[in-house]
Protein chains: 6
Amino acid sequence: MITAIYPGTFDPMTLGHEDLARRAAKLFDRVIVGVADSPGKRPFFTPSERVGLAADVMSGVANVTVTRFSGLLTDFVRSQQSWVIVRGLRAVSDFEYEFQLAGMNRKLFSEIETVFLTPSDAYMFVSATLVREIALMGGDIAQFVSPLVAERVAEKLRDVRPAGRPQRRITDQ
Amino acid sequence: MITAIYPGTFDPMTLGHEDLARRAAKLFDRVIVGVADSPGKRPFFTPSERVGLAADVMSGVANVTVTRFSGLLTDFVRSQQSWVIVRGLRAVSDFEYEFQLAGMNRKLFSEIETVFLTPSDAYMFVSATLVREIALMGGDIAQFVSPLVAERVAEKLRDVRPAGRPQRRITDQ
Amino acid sequence: MITAIYPGTFDPMTLGHEDLARRAAKLFDRVIVGVADSPGKRPFFTPSERVGLAADVMSGVANVTVTRFSGLLTDFVRSQQSWVIVRGLRAVSDFEYEFQLAGMNRKLFSEIETVFLTPSDAYMFVSATLVREIALMGGDIAQFVSPLVAERVAEKLRDVRPAGRPQRRITDQ
Amino acid sequence: MITAIYPGTFDPMTLGHEDLARRAAKLFDRVIVGVADSPGKRPFFTPSERVGLAADVMSGVANVTVTRFSGLLTDFVRSQQSWVIVRGLRAVSDFEYEFQLAGMNRKLFSEIETVFLTPSDAYMFVSATLVREIALMGGDIAQFVSPLVAERVAEKLRDVRPAGRPQRRITDQ
Amino acid sequence: MITAIYPGTFDPMTLGHEDLARRAAKLFDRVIVGVADSPGKRPFFTPSERVGLAADVMSGVANVTVTRFSGLLTDFVRSQQSWVIVRGLRAVSDFEYEFQLAGMNRKLFSEIETVFLTPSDAYMFVSATLVREIALMGGDIAQFVSPLVAERVAEKLRDVRPAGRPQRRITDQ
Amino acid sequence: MITAIYPGTFDPMTLGHEDLARRAAKLFDRVIVGVADSPGKRPFFTPSERVGLAADVMSGVANVTVTRFSGLLTDFVRSQQSWVIVRGLRAVSDFEYEFQLAGMNRKLFSEIETVFLTPSDAYMFVSATLVREIALMGGDIAQFVSPLVAERVAEKLRDVRPAGRPQRRITDQ
């Protein structure tokens, strides 16, 4: 039985993440979506919120569970009796960075195998970073995340941004 | 009549930006240089200063205007009755990022067309980020920006850096 | 006689950096490891500590010296009567960025030559950033840095992280 | 009035090519699809056949015409009173090659402007080379080319490959 | 039970290919090394020879078999009751091409999943093409292929190149 | 004393090659331009012609000599008492291929060092392949090669292409 870990910040889980997790779930016996605390990234959602969203989104897939972790990914992988890491590879992903991580992780835990999957064409350009920026500027994110995630993003924005005070963080590309 | 938007932070406008805007001005009826507020990038010049510099630099080109914007780029494009975005593509540009943005923007506004142009060889390695760093360390930026921009950068540096207090932000490559 | 400058933040010097410096030392008469202050990167080690570590690590190589610098790299190169910059190029390095820097530096100091070398396969995936992150999360960095560096990193961590208070900065990939 | 040239071998014209030509037709007053003879590539279809297919496919777009050419692309562009070349840029295209060509062409004809457009997501992975290989091995190309092109490819294959003699040219990836 | 197909020309099977096949064998229930006829590539070894070599090399791994195929890869995959393709991804591989193939294959057979694995560092620079060139010029290929393959390459070279007649096909890099 | 080898097909030597050789000549005591026979590439000029052209072009640089070689590059390097290979790295070069070669060469001859240099901006887009294609189609190559090379290319074209018989090999981009 093979357990694969699909790690990330998932801030929030996008349709691209969901697509990847479903693909992994067909390839491996068990898939654990590992939600990293990532305090250094100053996430929009708290770790618990991100775990909750991911769990809700993946609730229909029997062999997928969602777990929060902090610390070294290789330690987390080991703690789950796993040796397989799943990563998405978009034509526009940071391929160099992925390679470096896979190489370093193999040095830290030699039995580890990083498996790269490609998302559906439809999600080739979806990134959580851009989704957050679009939402913060009042754009519609319905085609990038599941309805449930879109709703929670909207709620969160109402909390952090009182009416009348314009949102200033923007993207200028 | 086609109006093209050339968006950016333009902090400050370099000769490479200027070259691109001139090229766009030959291809399209009207070009609007869209200066994004970009507070998240903590720009060196204020939005008004950046608009002023860009407007001065482009003043000799009849069909180019400069406008400040904040919020979603696609909203700005629409507000200008435009559907064309112009982006510079250097051999050393972040091609992956450009592709991702172009893809996301097309999803947000399906009629949008992102047109990539390449600057002259001479500006292939010029970036506003490096120009700022060179200026901050006392280097000569005369070959990267127009004389007017070079002068305003020098003035700004005198303001922010009192004599006798060494400048600490450096580049180490 | 050619003096080559090998610039970087070296926070801390890895086995990959060491490998590069040794290769450069065989190619050129003198090699100066230039440790940039890099306050903008908020380094883990102070400039003096980084210089000390690099000097210790390279002490066995006669024609290599270590010097701290701040300001423009091209100014530092000139001040050392040098015109050669050595840079490592990993398959996973930020090649675009390297090219841009080499191009800008040539514009600032036309006689400058940037020489790119490739590290040994064994260090292809080693980066100082990942080494710091692994150490901060309690991982073993022995295969990425020399014993002396590993020891100083451990000491530094004991200083900044009192026992009982869990380390929160993590990597989630 | 701007005439843009969209050059290629078009062996055969795919839905990706068609998409690009339609996008160009909205941006420029006139678009000329330039079908290069390309004898060096040993095309599957003759130049006349390729021109015929492209003309049929584009017949519904008023400002697009199809012309055969041989020799230097820059000479062809000049001969059509044009100074604009349109090229498709897929996330998976040979970006380096495109850049080199754009640079060389600008050196041969300094007023030339190469405009890069991106096809729809749906055509991001479609290439004429793969379409030919799939057809030659009996695969279904209906989702990569227009019905008319699919039909002519099938006819051509019946001509070149008598029944009973297995097709040997394959792709093995 | 998941059967994965690892397709290629394997002309000849290198230690890098072997490493990949072993990694795949740990991830999936069955792995079929699919040796493509690839007449278009004018292989050095015949298809039967390549199948023989691959089978010998992989004989110690219980769940790996070797099969020859021609025609569309997706047809071969289907014929083996498989829906998983394994591909090696080296930092120096033709990543763009791999992406295009994965995208096209998914369009031809929507259930297909292409799984990318990375070889060990030691094989990051090994390619069958370079191995053949080195052997043809009398270089030593012992560190790139298994002893059995090295021996067959030597035999083959004695057959195709009579003593006294210098080998002319070279690499010049 | 360090002897560096600058290998290539040099069919013909371009201004970009010349620029690289001059840069290498400043870095190393002796530079040998190694002209590979490369029969597999079906060169336009014979090996002797290519050696002659390169020698004429480099005649003004005292520490540069030109030598023809065939066989393994690493064998040639060793035979010249060298351990340094110089390669040009353009922003548009086949970086992946360069890396693979450097890696393989280091495996064949562990002391070897591949030194990558970048040409002047002006030659960033010059390739011998494009130069040949432009000349064959009657284009002007004066800005890509030295006058002497341009003249010999013109002579060679008169020989291979009788008047009245149109040149058919073209580039279509």
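Here is the naming used below: chain letters follow the sequence lines, and residue numbers restart at 1 for every chain.
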To the nearest 0.5 Å, atom CG of B:L72 lies from atom CD1 of A:I134 at 6.5 Å
Check whether any side-chain heavy atom of B:N105 sits under 4.5 Å from a side-chain heavy atom of A:F125, and report yes or no.
no
To the nearest 0.5 Å, how far apart are CG in B:L73 and CE in A:M137?
8.5 Å
Closest non-hydrogen atoms of A:Q143 and B:K107, given as atom of the first, atom of the second and distance, are NE2-O, 2.8 Å
Between B:L101 and A:L130, which heavy-atom pair has the shortest distance, and what is it?
CD2-CD2, 3.9 Å
